[in-house]
Chemist: 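Would you mind keeping the following structure in view while I ask a few things?
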Amino acid sequence: MSTYTDLHFPKGFLWGCATAAHQVEGNNTNNNWWQWEQEGGHIKGGDVSGIACDHYNRFDSDFALAQELGHNAHRLSVEWSRIEPEEGRWDMKEVDHYRQVMESLHRHGLTPMVTLHHFTNPLWFERRGGWLNPQAPELLARYAGFIARELGDLVPFWLTINEPMMVAIAGYLMGVHPPQHKDMNEAMLVARHLLLAHVRMYQAIKEATTHGPQVGIVLSMSYFQPKDPDSPGDRAMCELADAVENQYFLTGLSEGVFPPPVGQGEEATDAKGTWDLIGLNYYHRLLISEDFLARGAPYGEPPPGAELSSMGWEVYPEGIYQIIKRLTQYSPPIYITENGFPTDDDSARCRYVLRHLWQMHRAISEGADVRGYMHWSFTDNFEWAEGWEPRLGMIAMEPGTLDRRPLPSAYLFRDIARANAVTAAQLQQYLG
Ligand code: FCB
């Protein structure tokens with residue numbers, strides 16, 4: 001006898017997948033990642049993004065497929081280096097391209113959630129010092145205001161920056177993303193600029209639009225625990241990792257300050273309340289030990305014997321519940337903007353999705369205001385420094401052919417999205 005019950009989600013819940021321009025569009029030749037890929041030696045297997053999923057040309061059929069697969073929303077990013085290929089010059093052909101992309105989303109019944117900065121920088125911005133440049137917030141705001149003015153009528157959700165602390169940590173502290181620096185002071189300075197950039201982008205979008213869009217940020221949050229709960233060193237470093245990756249933006253935007261260790265609580269002008277929603281990217285739990293700063297990336301580890309993804313991430317569904325609960329102390333509604341599982345075994349992906357939706361539902365049933373779930377990702381795509389090997393798509397993309405082949409998880413997700421519910425029968429079938 002099954003002990004499961006059906007899990008119903010709130011009316012109007014958004015169901016879809018998340019993507020990022022550089023990982024799927026193809027030929028984003030004018031940004032820092034493309035350049036880094038060409039240098040060689042940085043990406044696993046010597047991979048490059050290249051034509052990626054050719055989504056730049058195939059967006060319309062991709063969205064038709066998403067619609068067939070029951071989605072009612074889609075998270076994507078627009079590529080800054082296409083829109084502003086040289087400083088201060090707007091490429092209206094690209095603006096028109098993204099207008100067609102947004103129109104196609106609407107035609108296919110998909111609510112757009114649009115990220116403005118998802119890891120990549122135009123080369124001109126990088127040459128001007130990238131995120132170290134004190135003018136970075138203004139440069140980002142000018143771009144955000146421009147594109148929001150151009151596309152504002154079609155975009156109800158704007159997400160300013162994807163995983164800002166990953167930009168600081170991976171690019172400037174761990175040195176695993178471009179510009180590959182390993183400098184704590186730089187990382188802290190970049191974190192300040194990222195917070196200010198978000199604030200200025202938020203304001204610029206609000207000024208540029210009349211349709212009252214929801215504007216927020218996308219935070220990556222890991223569920224951190226000390227490796228040895230009895231070790232004061234492990235506990236202290238765990239708190240530090242949490243303060244940097246998880247708490248900095250939450251305190252920054254709720255209180256309008258630069259919290260430690262980035263600042264000393266001094267005011268971050270106008271930052272307070274610059275979020276209409278919180279985008280949460282949740283993937284895994286990490287155990288933190290005393291030596292975490294010296295370890296480099298990854299800076300934590302899974303417990304022994306844990307179920308792991310093909311990228312070594314622990315499957316820890318309880319973490320999404322804990323983090324959502326933590327976010328309920330802030331007023332904005334929560335959208336899961338990423339959650340996913342690199343694996344060659346799609347049945348493991350099905351279980352992963354169900355177990356995370358179950359925990360998300362548990363938080364909702366206790367009062368959390370969660371309004372959407374965007375699975376990472378739609379098709380397999382270019383996984384940054386990990387190259388093409390990790391398979392994160394619910395739709396397998398055949399190497400060489402670019403053909404899209406929906407996996408069983410895509411049909412499971414379709415049934416969930418259409419019903420706005422996970423059924424007891426699905427839980428029974430996949431979780432036993
Ligand atoms: C997140 C990134 C996203 C993707 C997933 C797997 O950190 O935002 O682009 O690479 O991880």
Side-chain angles (χ1 to χ4, degrees), residues 16-26 28 31-34 36-37 42-44 47 49 52-53 55 74-80 113-121 159-171 173-174 176-178 194 198 216-223 241 244-246 249 278-286 297-300 308-316 319-320 323 335-344 348-349 352-353 356 373-395 397 409:
C17 283
T19 64
H22 190 72
Q23 295 177 272
V24 298
E25 284 184 349
N28 276 318
N31 71 36
N32 59 332
W33 269 87
W34 181 276
W36 203 56
E37 293 158 28
H42 304 310
I43 313 287
K44 257 201 196 143
D47 290 355
S49 56
C53 309
H55 178 71
H74 189 74
R75 177 177 172 225
L76 74 171
S77 72
V78 290
E79 173 64 24
W80 183 14
M113 299 191 91
V114 181
T115 317
L116 289 166
H117 185 278
H118 196 128
F119 290 174
T120 52
N121 297 330
L159 304 166
T160 55
I161 305 174
N162 179 70
E163 301 191 346
M165 292 314 280
M166 280 302 128
V167 172
I169 295 168
L173 182 61
M174 302 292 177
V176 291
H177 284 184
L194 283 157
H198 162 77
I217 189 147
V218 171
L219 303 177
S220 123
M221 293 180 71
S222 306
Y223 188 63
V244 174
E245 186 183 321
N246 293 342
F249 263 87
I278 304 176
L280 168 64
N281 292 358
Y282 172 76
Y283 286 95
H284 52 44
R285 168 169 71 170
L286 286 174
Y299 46 86
L308 301 181
S309 77
S310 66
M311 278 163 69
W313 298 346
E314 183 192 4
V315 180
Y316 192 68
I320 199 170
I323 291 177
Y335 290 81
I336 307 304
T337 36
E338 288 182 30
N339 173 239
F341 190 51
T343 182
D344 295 329
R349 178 178 292 107
Y352 179 97
V353 170
H356 284 78
Y373 175 91
M374 301 298 119
H375 186 78
W376 187 278
S377 189
F378 188 62
T379 53
D380 293 327
N381 60 50
F382 177 70
E383 183 44 38
W384 305 112
E386 301 295 319
W388 284 97
E389 199 182 274
R391 298 298 187 124
L392 281 126
M394 284 183 168
I395 297 162
M397 201 194 68
S409 58

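Indexing begins at 1, ligand by ligand and atom by atom, following the structure's order. Here the structure is a predicted model, which means the values were calculated and not measured. Side chains included, hydrogens not; waters and symmetry mates left out as well; all remaining heavy atoms used.
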Chemist: Is it true that F119 and W384 have ring centroids separated by less than 6.0 Å?
Modeler: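 Close enough - the centres of the two rings lie under 6.0 Å apart.
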Chemist: Specify the closest pair of heavy atoms between V218 and R75, including all atoms of both residues, with the distance to one decimal.
Modeler: CG2-NH2, 3.8 Å
Chemist: Please tabulate, line by line, the atom pairs linking an N/O of ligand 1 to a protein N/O at a distance below 3.5 Å, with the distance in Å to 0.1, or answer 'none'.
Modeler:
from: ligand 1; atom 1: 7 (O); to: E163; atom 2: OE1; distance (Å): 2.7
from: ligand 1; atom 1: 7 (O); to: E163; atom 2: OE2; distance (Å): 2.9
from: ligand 1; atom 1: 8 (O); to: H118; atom 2: NE2; distance (Å): 3.2
from: ligand 1; atom 1: 8 (O); to: N162; atom 2: ND2; distance (Å): 2.9
from: ligand 1; atom 1: 8 (O); to: E338; atom 2: OE1; distance (Å): 3.2
from: ligand 1; atom 1: 8 (O); to: E338; atom 2: OE2; distance (Å): 2.9
from: ligand 1; atom 1: 9 (O); to: Q23; atom 2: OE1; distance (Å): 2.8
from: ligand 1; atom 1: 9 (O); to: H118; atom 2: NE2; distance (Å): 2.8
from: ligand 1; atom 1: 9 (O); to: W384; atom 2: NE1; distance (Å): 3.0
from: ligand 1; atom 1: 10 (O); to: Q23; atom 2: NE2; distance (Å): 3.3
from: ligand 1; atom 1: 10 (O); to: E383; atom 2: OE1; distance (Å): 2.8
from: ligand 1; atom 1: 10 (O); to: E383; atom 2: OE2; distance (Å): 2.9
from: ligand 1; atom 1: 10 (O); to: W384; atom 2: NE1; distance (Å): 3.1

Chemist: Could you list the residues that satisfy side-chain hydrogen bond (donor to acceptor under 3.5 Å, both in side chains) with H42, not counting sequence neighbours?
Modeler: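 Applying side-chain hydrogen bond (donor to acceptor under 3.5 Å, both in side chains) to H42 gives W36, E39.
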Chemist: Counting only N and O atoms by type, is there a donor-acceptor contact under 3.5 Å from the side chain of D380 to the main-chain atoms of M397?
Modeler: yes
Chemist: Taking K44 first and then E383, would you say they form a salt bridge - that is, a charged N and a carboxylate O separated by under 4.0 Å?
Modeler: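 The answer is no: the pair does not qualify as a salt bridge.
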Chemist: Out of Y282, Y316, Y352, which one pairs with F341 under the ring-ring contact (aromatic ring centres under 6.0 Å, His included) rule?
Modeler: Y352
